[in-house]
Novice: 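Below is a structure I'd like to ask you about.
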Amino acid sequence: MKILVRPTTTQQGASWQVCLDQHAVSFRSEAEARRFVSVLEERLKAPHILPDWSRRIAS
């Protein structure tokens with residue numbers, strides 16, 4: 001996943017966007033945007049357990 005933090009301007013004024021591939025999420029400040037990216041990256045790097053589909057199918 002490509003993650004990009006960039007400044008942007010809207011009718012309400014300046015803000016920041018985090019672009020996740022083709023999706024953009026707006027934030028009021030650069031600090032908020034970078035905090036979001038930090039949490040997102042931690043969650044993406046965290047170990048994940050895949051479900052055991054053979055058990056669900058057999059049930």
Side-chain angles (χ1 to χ4, degrees):
M1 174 184 300
K2 182 179 177 184
I3 301 172
L4 173 69
V5 178
R6 68 179 182 188
T8 185
T9 54
T10 64
Q11 291 178 339
Q12 291 80 21
S15 64
W16 286 80
Q17 277 188 338
V18 174
C19 299
L20 310 164
D21 292 331
Q22 305 259 329
H23 303 284
V25 182
S26 296
F27 295 88
R28 292 176 292 219
S29 69
E30 181 180 8
E32 286 181 356
R34 299 222 179 258
R35 226 176 357 259
F36 174 80
V37 169
S38 176
V39 170
L40 177 63
E41 287 177 336
E42 283 180 29
R43 290 181 178 176
L44 289 171
K45 291 176 185 174
H48 294 81
I49 299 171
L50 297 175
D52 184 358
W53 291 109
S54 62
R55 284 190 185 173
R56 289 189 176 197
I57 294 171
S59 298

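When a residue number appears, it is its place in the shown sequence, counting from 1. Please read all numbers here as calculations on a predicted model, not as lab measurements.
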Novice: Looking only at heavy atoms, what is the nearest atom pair of His48 and Arg43, with distance?
Specialist: CE1-O, 3.1 Å
Novice: If you round to the nearest 0.5 Å, how far is CH2 of Trp16 from OG of Ser26?
Specialist: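 If I round to the nearest 0.5 Å, the distance is 12.5 Å.
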Novice: Does Met1 offer a backbone N or O that forms a donor-acceptor pair with the side chain of Asp21 under 3.5 Å?
Specialist: no
Novice: Could you tell me whether the side chain of Leu20 reaches within less than 4.5 Å of the side chain of Leu4, counting heavy atoms only?
Specialist: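 Heavy-atom side-chain distance check fails, nothing below 4.5 Å.
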Novice: Closest approach of Phe27 and Val18, non-hydrogen atoms and distance?
Specialist: CE1-CG2, 3.6 Å
Novice: Please report the interatomic distance CD(Gln12) to CZ(Arg28), rounded to the nearest 0.5 Å.
Specialist: 12.5 Å
Novice: Would Val5 end up clustered with Leu44 when hydrophobic side chains under 4.5 Å apart are linked, directly or stepwise?
Specialist: yes
Novice: Using a cut-off of 6.0 Å, state whether more than 12 heavy atoms not belonging to His23 lie near its atom NE2.
Specialist: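 No, the 6.0 Å shell around NE2 holds no more than 12 heavy atoms from other groups.
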Novice: Would you please name every residue forming a salt bridge (Lys or Arg N to Asp or Glu O under 4.0 Å) with Arg34, sequence neighbours left out?
Specialist: Glu30
